[in-house]
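Just so it is clear, the model here is predicted, and its values are computed rather than measured. Here is how names work: the chains are called A, B, and so on, in the same order as the sequence lines, proteins then strands, and each is numbered from 1.
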Number of protein chains: 2
Amino acid sequence: MDRFLSNTINRVDKKGRVSIPANFRTVLAGQSSIHIILSVDHPVAEAGGADFMEANLRRLSAMDPFSEEYEMWSFCLLGDADEIKVDTEGRIILTDHLRAHTGIEDEVAFVGRGHFFQLWEPKRFNLYREAAREKVRLMRRSLSSLGDSTSQSNSPASQAQPASSRAGASANLQMGNKEQDT
Amino acid sequence: MDRFLSNTINRVDKKGRVSIPANFRTVLAGQSSIHIILSVDHPVAEAGGADFMEANLRRLSAMDPFSEEYEMWSFCLLGDADEIKVDTEGRIILTDHLRAHTGIEDEVAFVGRGHFFQLWEPKRFNLYREAAREKVRLMRRSLSSLGDSTSQSNSPASQAQPASSRAGASANLQMGNKEQDT
DNA sequence: TGGGGTATCATGGGAAAATATGGTCGTCAA
DNA sequence: TTGACGACCATATTTTCCCATGATACCCCA
């Protein structure tokens, strides 16, 4: 298990602690803290281990340091970021501005996104999920009307290759910027 | 045997476990977990081994990582997916959101689809199957009216189903995209 | 070819391990 | 001193492992 998958809803206790789902913890492989940034697009926080942070910084370093783009990105990526300790039970304490940004109160939806995961307020998560599913439905429909190779009206799966070909496969599995595999 | 074929209905026990059909297990070749995604069109889950997951992700990696398209697909393919452990007896435990999406309660229809297989709630599976047959019948009819006027139903599959009477059936092709979840 | 024995399979249940969650008690700093 | 936080402990629930059973399919040999 080497990427964040699936979603779980966990409770926040009186002290503000939440358990990171066990399968996410195994991906984090015992790191004692996680890095969190706030999404600019949605009321959601995005988190991952050290490699997640590094990937973000690497993206930043590819920009012109005097551009406005750089200014804004670095502001959000660094200024609005957090490094949160994971306690001995695998829990984290949410910061105030994380709660404010996400609307999280007493429950958190942990949503795996590959090389990072998201923290949603559960109701918002469900809304967004519905919207995402609808969008995918529409996108696929318009795709198949183009005569997209083999794609018949199935799931994304309908396109999958026979099991072989795994050699090059893992190369770009991860999104955008990724560095560690395994 | 390297493809998932045919279909089987197995029971879910009190603890929520259900056996993966033995012939499917041989295709999985001893992998200790399976990957599952939820169909966006139907109340069905689609599952396979590691190669199934990789094939899906490969599809993702062809997209622009900053596009909305990518965002939506990856959300569904990763955030709404599951990696489920297979126990020593070859059983899995269905997650809550999988049950919510499929409507599965105490029985599961495993349906082979080649390089992956589906999990259906048996009644819905039957309805869908009816609807699918009807569609095929209609499509064939309109096709054959283009030229081959004589071709009448003699497919090996044409069984004793009174073709009509299932008027409502095709409507059900879409059923369930309004699943009520938690 | 028939019959008995054997392997495989779906299913069930008990017990141990893991997990999510709750609470207590010091410590350190404001 | 108070309040936040970390380490530590407690517990209910869930998951996993192990063993058992009835049923069926399969095979071998007389």
Distance, rounded to the nearest Å, where [X] contributes [atom1] and [N] contributes [atom2]:
X	N	atom1	atom2	answer
B/Arg25	C/dT11	CZ	C1'	11 Å
A/Asn10	C/dG22	CG	C1'	14 Å
A/Asp13	D/dC9	CG	P	19 Å
B/Ile92	D/dT16	CD1	C1'	15 Å
A/Asp87	C/dT21	CG	C1'	11 Å
A/Glu89	C/dT24	CD	P	15 Å
B/Ile93	C/dA18	CD1	P	16 Å
A/Arg17	D/dC5	CZ	P	12 Å

Once you apply a heavy-atom cut-off of 4.0 Å, does [X] come out as touching a base, just sugar-phosphate, or nothing?
X	result
B/Lys14	sugar-phosphate
B/Ile84	nothing
B/Ile20	sugar-phosphate

Check: Are B/Lys85 and D/dT16 close enough that a side-chain N or O sits under 4.0 Å from OP1 or OP2?
Finding: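 For D/dT16, OP1 or OP2 has a side-chain N or O of B/Lys85 closer than 4.0 Å.
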
In Å, rounded to the nearest 0.5 Å, how long is the span from [atom1] of [X] to [atom2] of [Y]?
X	Y	atom1	atom2	answer
B/Asp82	B/Thr95	CG	OG1	4.0 Å
B/Arg59	B/Trp73	CZ	CH2	5.0 Å
B/His42	B/Glu46	NE2	CD	8.5 Å

Next item on the list: Inspect the contact between A/Lys135 and B/Glu68 and indicate whether a charged nitrogen and a carboxylate oxygen are less than 4.0 angstrom apart.
Entry: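 Salt bridge: yes.
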
Next item on the list: Using only heavy-atom distances, determine whether the side chains of B/Asn10 and B/Ser19 contain a donor-acceptor pair under 3.5 Å.
Entry: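 The criterion, which ignores hydrogens and geometry beyond distance, is not satisfied for B/Ser19 and B/Asn10.
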
Check: On a plain distance test, is the side chain of A/Lys15 in donor-acceptor contact with the base of C/dT21 below 3.5 Å?
Finding: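 Side chain to base: no pair below 3.5 Å.
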
Note to self: With a 3.5 Å cut-off and heavy atoms only, can you find an N or O donor on one side and an acceptor on the other between the side chain of A/Arg91 and the base of D/dG6?
What the structure shows: no

